[in-house]
Amino acid sequence: MNYLAELNDPQRQAVECTDGPVMIIAGAGSGKTRVLTYRIAHLLNKGIDSFNILSLTFTNKAAREMRERITKIIGGTEAKNLWMGTFHSVFAKILRIEAEKIGYPQNFTIYDTEDSKSLIKSIVKEFGLDDKVYKPGLVYNRISGAKNSLISWASYLANPDLMSEDRSSGKPKLGEIYKVYTNRCFRAGAMDFDDLLYNTNILLRDHPEALHKYQHKFKYIMVDEYQDTNFSQYVIVKKLAALYQNICVVGDDAQSIYGFRGADIQNILNFEKDYPDLKTFKLEQNYRSTQNIVNAANSIIANNRNQLKKHTWTENETGTRIKVVRALNDNEEGNLVANSIFETKMQKQIRNDDFAILYRTNAQSRSMEEALRKLNIPYRIYGGLSFYKRKEIKDLIAYFALTINHKDEEALKRIINYPTRGIGNTTLDKIIVVANEKNVSLWDIISNIEQDNIGINSGATNKISDFVTMIKSFAIMVNTHGAYDVGLHIANASGLLKDLYNDKSTEGVSRYENIQELLNGLKELSVNFETGEESAKRLTDFMAEVALYTDADTEGEDDTNKVSLMTIHAAKGLEFKYVHIVGLEENLFPSQLSINSREDMEEERRLFYVAVTRAEQEVMISYALNRFKWGNLTSCEPSRFIEEIDPSFIDTIETKKSNGFDIGKSSYQSESFAEKEWNSNYSSKPKQQTSPTTNTVTYQSTPRLKKMVEATKLQTSSTQYDDVSNSLQVGMRVEHERFGNGAIITIEGNAANKKATIQFDTVGSKQLLLKFAKLKIVNETV
DNA sequence: CCAGTACTTAGGTTG
DNA sequence: TAAGTACTGG
């Protein structure tokens, strides 16, 4: 295959320059992925072994696309041998191999962000600190930032700058929390996402033999989206490439938009300093967009100081100018955008999925959705909750995790009493206290619960040992059965499937189906398609990868041909014929939080650059004069970014509504249709200011009296229902004032804590505390 | 234990 | 405004 003929000059040079350090500055739409894939093909053509090539990306999606394209060129077998994937997946794989060197078990758990935050939350609680001050998300970001800068907890505590920062922000204990967090993760045999990179650095720093091994293995290294690397990733790449120096980084400093999560644009700006004999190639020809779009984008980015020199250009047609549209308020902005899409569709016969609406913040999607719905335009919002983050999925996966790694404490805390098995918070708290005293894992305590008397009553003790026995039995099965068999068994034996099955609400049904879907996924994994026989794919293999799945991008059948709604961040790497960028207002885009520093402002500007360069044919920019923010109507000014576009590439549209009023002219504003609509949208809503004074005022008396009244009430109610509660038996049919009729399935606990599980005819199964549930016996026949 | 209510908070997001 | 969480009464 003559792939070199398909490339322009700089693209071909970049492909052919395989040895030594190379930097490819790839403008938007310049054929970057093509160059990367052809470069790998070229390496293989030259006789390089596919096992010696490492290719790193940031997202699963990018990795998958790359693998698909490379498979087409070089075939599946060769493609499989390449080390190709996200930073996290590649180094997780290496860490599993080398885990023992750094004191971790080979089957370590990967904590996702939710696990990490929940752990942080419990540590903050243990410290007796206020979780309003030490918000888990904030603490997590602080720890994450430290790890991505390769600052250990010890150097954090020893760093006077960091310590004084934390003191002046009123959070002096952050370093201590970092320390305990690290210890707890280690104790649980768990790494968070940042640890996958941090610990790789530890491995390469402290174990020269491991460093040499991987330096020799990865003779050729490629990194995509290099402008998004953080310090931790930068050091890994630098170390691995130190021996052969066949390092090729690809990126575009103008598209660096992830500074807020630790990406350091200096990594690409200073790449030359690390490799003085660096060869740089610039891909400046844009194949995606019209001249107007490319030129407008160039005029925007020219306002940034901190950038590498490059001039993108295109041979495409001139195209139409960028339209700038003003709306009176956010709802009208939605209507203008939706109308524009509707008209373009009709006039030019364009598909829905050729349109995208891009915004700075997720909150802006609402007005867009409403407007699209009014015109019956199908749309899809990106960035929802991914499958693997759903509660029921996380619950089942927690069972898997605990089965494979008994020390995993977040998994254990999540499921020890779900489905409820009588191991309540009090018991769990006791276990945690003892585990912390001895600094051993929770599992160490509960698996010896019968020997060590830690002040838990015999009932709970029995339940805990049942739980331990169950998990141990799962663990045995993992070694003897395929992933699907074990998964199904765990879902059943844990009682999770049954619990969901009993919930007949819409959400309950959907949760049950989600579990089925996960199990189906396991089945596909464990069946060998060619023979139809069970393969040796183990639950362990699934668990090694699942934490790194984020696939919100599994497109179903019904997701085709819809208008795309997403944040600009989410749009990076995508392209659409028609792009609407909405909310171009000061304090929104650029964001209010970025107006005080040049770095942040330049990142906002790059974000705008990314937005504009998504478009092939047309860009429409809109802003509103008034917008609801946090429940208040605020007036807005047009964004400075609009002025920064060279005026020769812009058309300012004086929008006309269907009735002919020109809302762009202020003289019409007080009488215009738009104004009336504005009034009807916001002012005519009944404000509920008039309080319903006539309604029942139950306790308009002193607090003391109120207490007495309530005490009497409780007394009467409990005496009244004690008799009923004592005579209840399993099998009886009862009536509940809210849930209707049902049958008693189990009764447990005694006296005040007596509770029953009841299968109701209409609302499914519920557990009720008999003290409160005013049950009437309907039928005593057992 | 369940469900309703009071209260809080509000950027972008991959793995 | 809206959505999510913490608290509390039955």
Side-chain angles (χ1 to χ4, degrees), chain A residues 56-63 85-92 110-113 116 121 131-132 135-137 141 144 148 191-197 225 228-230 233 257-263 330 358-364 366-367 382-383 386 388-389 417 420 422 424 545-553 566-573 587-594 600 603-604 606-607 610-611 627-633 682 685 710 713-714 717-718 721 736-739 748-749 752-758 760 763 765-774:
Chain A
L56 295 168
T57 58
F58 275 81
T59 64
N60 287 317
K61 200 174 165 213
T86 63
F87 272 89
H88 291 89
S89 72
V90 165
F91 296 117
I110 299 173
Y111 276 174
D112 68 12
T113 314
S116 300
K121 203 173 172 183
D131 66 357
K132 301 257 160 43
K135 291 180 195 147
N141 285 338
S144 171
N148 287 329
M191 297 191 198
D192 66 17
F193 288 131
D194 302 313
D195 286 333
L196 295 175
L197 305 173
E225 306 279 15
D228 289 337
T229 46
N230 59 38
Q233 290 161 326
I257 55 173
Y258 284 112
F260 69 90
R261 63 175 197 217
D330 45 1
L358 308 181
Y359 34 78
R360 180 64 181 81
T361 67
N362 283 309
Q364 291 166 258
R366 196 202 45 112
S367 56
Y382 287 73
S386 99
Y388 295 101
K389 291 202 175 117
N417 199 32
T420 41
E545 290 169 5
V546 72
L548 301 171
Y549 294 163
T550 43
D551 283 345
D553 50 0
M566 62 183 90
T567 62
I568 301 166
H569 283 93
K572 189 164 164 224
N587 298 330
L588 179 60
F589 192 17
S591 152
Q592 191 177 0
L593 297 135
S594 67
D600 289 352
E603 182 154 315
E604 292 284 306
R606 292 192 294 268
L607 193 56
V610 167
R627 179 178 297 277
F628 254 108
K629 282 180 186 167
W630 309 316
N632 295 317
L633 190 64
Y682 294 130
K685 275 186 190 165
E710 280 179 353
K713 237 179 101 188
L714 194 73
S717 74
S718 58
Y721 290 98
H736 184 272
E737 59 177 6
R738 204 158 25 195
F739 303 138
E748 48 195 319
N753 291 319
K754 208 175 203 182
K755 69 179 177 191
T757 309
I758 300 169
F760 287 100
V763 292
S765 130
K766 299 219 182 290
Q767 297 190 66
L768 298 170
L769 226 50
L770 294 178
K771 187 164 48 161
F772 298 123
K774 294 166 187 170

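No experiment lies behind these values; they were computed from the predicted model shown. All chains are named by letter (A, B, ...) in the order of the sequence lines, taking the proteins before the strands, and each is independently numbered beginning at 1.
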>> Using the P atom as the point on both nucleotides, what is the distance between B/dT13 and C/dG4, in whole Å?
In response: 16 Å
>> Measuring only the C1' atom in each nucleotide, how far is C/dA3 from B/dT14? A whole number of Å is fine.
In response: 24 Å
Starting at atom [atom1] of [X], determine the distance to atom [atom2] of [N], rounded to an integer number of angstrom.
X        : N      : atom1 : atom2 : answer
A/Gln592 : B/dA10 : CD    : P     : 13 Å
A/Tyr258 : B/dG11 : OH    : C1'   : 12 Å
A/Asn230 : B/dT14 : CG    : P     : 15 Å
A/Phe91  : B/dT14 : CZ    : C1'   : 15 Å
A/Asn148 : B/dT14 : CG    : C1'   : 11 Å
A/Asp228 : B/dG12 : CG    : C1'   : 13 Å
A/Asp192 : B/dG15 : CG    : P     : 16 Å
A/Arg261 : B/dG15 : CZ    : C1'   : 9 Å

> Which word best sums up how the rings of A/His569 and A/Tyr258 line up, parallel for under 30°, tilted for 30 to 60°, or perpendicular for over 60°?
Replying inline: tilted
> Is any side-chain nitrogen or oxygen of A/Asn362 closer than 4.0 Å to OP1 or OP2 of B/dG11?
Replying inline: no
> OP1 or OP2 of B/dG15 sitting under 4.0 Å from any side-chain N/O of A/Asn60?
Replying inline: yes
Side chain of [X], backbone of [Y]: donor and acceptor closer than 3.5 Å?
X        : Y        : answer
A/Asn60  : A/Leu548 : yes
A/Glu603 : A/Gly259 : yes
A/Asp192 : A/Asp112 : no

Any non-hydrogen side-chain atom of [X] less than 4.5 Å from a side-chain atom of [Y]?
X        : Y        : answer
A/Phe260 : A/Asn141 : no
A/Lys572 : A/Asp228 : yes
A/Tyr382 : A/Thr567 : no

>> Pick the closest DNA chain B nucleotide for A/Thr420 and for A/Ile568 by heavy atoms, then say which residue is nearer the 5' end.
In response: A/Thr420
> Where each residue is assigned the nucleotide of DNA chain B containing its nearest heavy atom, which of A/Asp194 and A/Phe260 is assigned the position nearer the 5′ end?
Replying inline: A/Phe260
>> By the 4.0 Å heavy-atom rule, please label A/Ser591 as base, sugar-phosphate, or nothing.
In response: base
> A/Thr113 near the nucleic acid: base, sugar-phosphate alone, or nothing, with a heavy-atom cut-off under 4.0 Å?
Replying inline: base
> Taking all atoms of both residues into account, what is the closest heavy-atom pair of A/Glu604 and A/Ser594, and its distance?
Replying inline: CG-OG, 3.1 Å
> With no angle test and no hydrogens, is the base of B/dG11 tied to the side chain of A/Thr567 by a donor-acceptor pair under 3.5 Å?
Replying inline: no
> Per the atom types in the model, does the base of B/dG11 pair as donor or acceptor with the side chain of A/Glu604 at under 3.5 Å?
Replying inline: yes
> Taking the side chain of A/Trp630 as its heavy atoms from C-beta onward, which of B/dG15, B/dA10, B/dG11 lies nearest to it?
Replying inline: B/dA10
All N/O pairs under 3.5 Å across the protein-nucleotides 2-8 of chain C interface:
unit_1: C/dA6; atom_1: OP1; unit_2: A/Lys121; atom_2: NZ; d: 3.0

>> Stacking between A/Phe58 and B/dG15, defined as ring centres under 5.5 angstrom apart with planes under 30°, is that present or not?
In response: no
